[in-house]
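Throughout, residue positions are numbered sequentially from 1 according to the sequence presented.
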Amino acid sequence: MLKILICNCIETNCAQLAEEINDDYLVRTVYTPDECENALLSFAPDVILCGREFGTLYVLDFVRVIRCLTKAPIILIRSGESLTPLPIKSFGLADFICAPINVKELSARISLALSETPSVNERESESVFKNGALSIDYATCRVFIGEKQVHLTLLEYKLLCLLSKNCGNVVRYKVILEELWANPIGNEILSLRVFVAALRKKLQAVSTDEVYLQTHMGEGYCMPRVDNAKE
């Protein structure tokens, strides 16, 4: 059964919508951005329904935050009175639907969004990063060193993903701060050092044979390539 994550939205009644589609889909509702990020890791939805605004985040900022955690299609729920053109595809959204929502139309749009999204097997083949014994499954948000899973917090996982996607290159402090904290306030370098230290400790607790995090003082952090890494 398909899993649908519904993010609290001002255009429609979140609980009512969940009840209406509950017979056809496995549904989870969330009401804050933090709840949403946690659900992306634990629930792993196939489709995300989100309103124009989510908490204090405008939907485009919200998309930017969650795209590092999932490739699941996002369908925007818009007010029926809103006539402002919105280039959905260029914003990373799969589609939109106007409230009040017709369940049959929603099902059709979900089917269309999924048909235009790579299959699970395709996503998995493209989304497993390997560097020596370290592997990151972006599709399921799991991290392994060899056969052992490394359990990370959300921010630790996001940091590791960012470094892995720039493997071999130094990622500057400013870039990391903007990715981890969408709107960094003041000097967050000390907080970043705490997260890096915690992440390094968890990785070293599983394996001390390979180095996955390097500090470049005054610049940023890097995940060095391991000799037997898969290119």
Side-chain angles (χ1 to χ4, degrees), residues 5 7 28 30 32-45 48 54-57 61-72 123-124 126-226 229-230:
L5 181 66
C7 304
R28 178 174 295 185
V30 294
T32 69
D34 286 341
E35 287 179 341
C36 180
E37 292 189 11
N38 291 331
L40 291 174
L41 293 174
S42 60
F43 185 59
I48 300 167
F54 185 58
T56 59
L57 290 178
D61 295 321
F62 173 74
V63 170
R64 179 173 175 270
V65 169
I66 68 173
R67 267 295 164 249
C68 65
L69 296 178
T70 181
K71 292 183 179 179
R123 289 202 303 269
E124 289 181 348
E126 294 173 356
S127 67
V128 177
F129 166 85
K130 292 185 179 294
N131 189 27
L134 174 70
S135 62
I136 304 174
D137 189 336
Y138 298 132
T140 61
C141 303
R142 294 186 298 171
V143 177
F144 295 88
I145 294 182
E147 300 297 321
K148 296 182 179 179
Q149 184 172 355
V150 185
H151 297 282
L152 304 177
T153 66
L154 179 61
L155 282 178
E156 290 167 354
Y157 175 77
K158 289 171 68 175
L159 173 58
L160 189 65
C161 285
L162 177 61
L163 296 176
S164 69
K165 291 174 181 178
N166 294 274
C167 189
N169 300 310
V170 177
V171 183
R172 296 189 176 276
Y173 296 130
K174 183 177 183 295
V175 174
I176 297 175
L177 293 174
E178 289 178 349
E179 288 293 327
L180 266 61
W181 292 277
N183 297 297
I185 301 174
N187 187 357
E188 300 285 358
I189 296 294
L190 291 179
S191 297
L192 178 57
R193 288 174 179 166
V194 171
F195 280 108
V196 171
L199 176 57
R200 181 181 281 121
K201 183 177 181 180
K202 289 183 179 181
L203 296 175
Q204 290 178 342
V206 179
S207 173
T208 58
D209 296 333
E210 298 172 344
V211 176
Y212 299 112
L213 286 177
Q214 286 182 341
T215 301
H216 291 252
M217 294 301 296
E219 295 184 61
Y221 297 97
C222 172
M223 177 184 288
R225 291 189 179 277
V226 178
K230 179 181 177 180

Could you go through the side chain to side chain contact (heavy atoms under 4.5 Å, CB included) check for Tyr157 and Ile136 one step at a time? CA-CA 9 Å; Tyr157 175 77; Ile136 304 174; 4.0 Å; yes

Spatial distance of atom OH (Tyr212) from atom CZ (Arg200) [nearest 0.5 Å]: 13.5 Å

Working to the nearest 0.5 angstrom, can you tell me the gap between Lys202 NZ and Leu213 CG? 12.5 Å

At their closest point, which heavy atom of Tyr138 faces which heavy atom of Lys165, and how far apart are they? OH-CG, 3.7 Å

Stepwise side chain to side chain contact (heavy atoms under 4.5 Å, CB included) test for Leu134 and Val150: CA-CA 10 Å; Leu134 174 70; Val150 185; 5.8 Å; no

Could you state the interatomic distance from CG (Leu155) to CG (Leu199), rounded to the nearest 0.5 Å? 11.0 Å

If you look at every heavy atom in Phe129 and Ser164, which pair is closest and at what distance? CE1-O, 3.4 Å

Kindly give the heavy-atom pair with the smallest separation between Cys7 and Cys36, and that separation in Å. SG-SG, 3.8 Å

Taking the side chain as C-beta and beyond, is there a heavy-atom pair between Leu152 and Leu159 under 4.5 Å? no

Where is the tightest heavy-atom contact between Val171 and Val175, given as atom of each residue plus distance? CG1-CG1, 3.9 Å

What's the spacing between Glu219 CD and Lys174 NZ if we round to 0.5 Å? 15.5 Å

For Met223 and Asn131, run side chain to side chain contact (heavy atoms under 4.5 Å, CB included): C-alpha distance rounded to whole Å, both residues' side-chain angles, the deciding distance at 0.1 Å, then the answer. CA-CA 9 Å; Met223 177 184 288; Asn131 189 27; 3.6 Å; yes

Are Arg28 and Pro45 close enough that some pair of their side-chain heavy atoms sits under 4.5 Å apart? no

Does the side chain of Tyr221 come within less than 4.5 Å of Arg193's, by heavy atoms? yes

d(Glu156 CD, Lys201 NZ) to nearest 0.5 Å is 11.0 Å

Candidate pair Leu203 and Leu160, rule side chain to side chain contact (heavy atoms under 4.5 Å, CB included), full reasoning: CA-CA 10 Å; Leu203 296 175; Leu160 189 65; 4.2 Å; yes

Please confirm whether the backbone N or O of Ala133 pairs with a side-chain atom of Glu210, one donor and one acceptor, at under 3.5 Å? yes

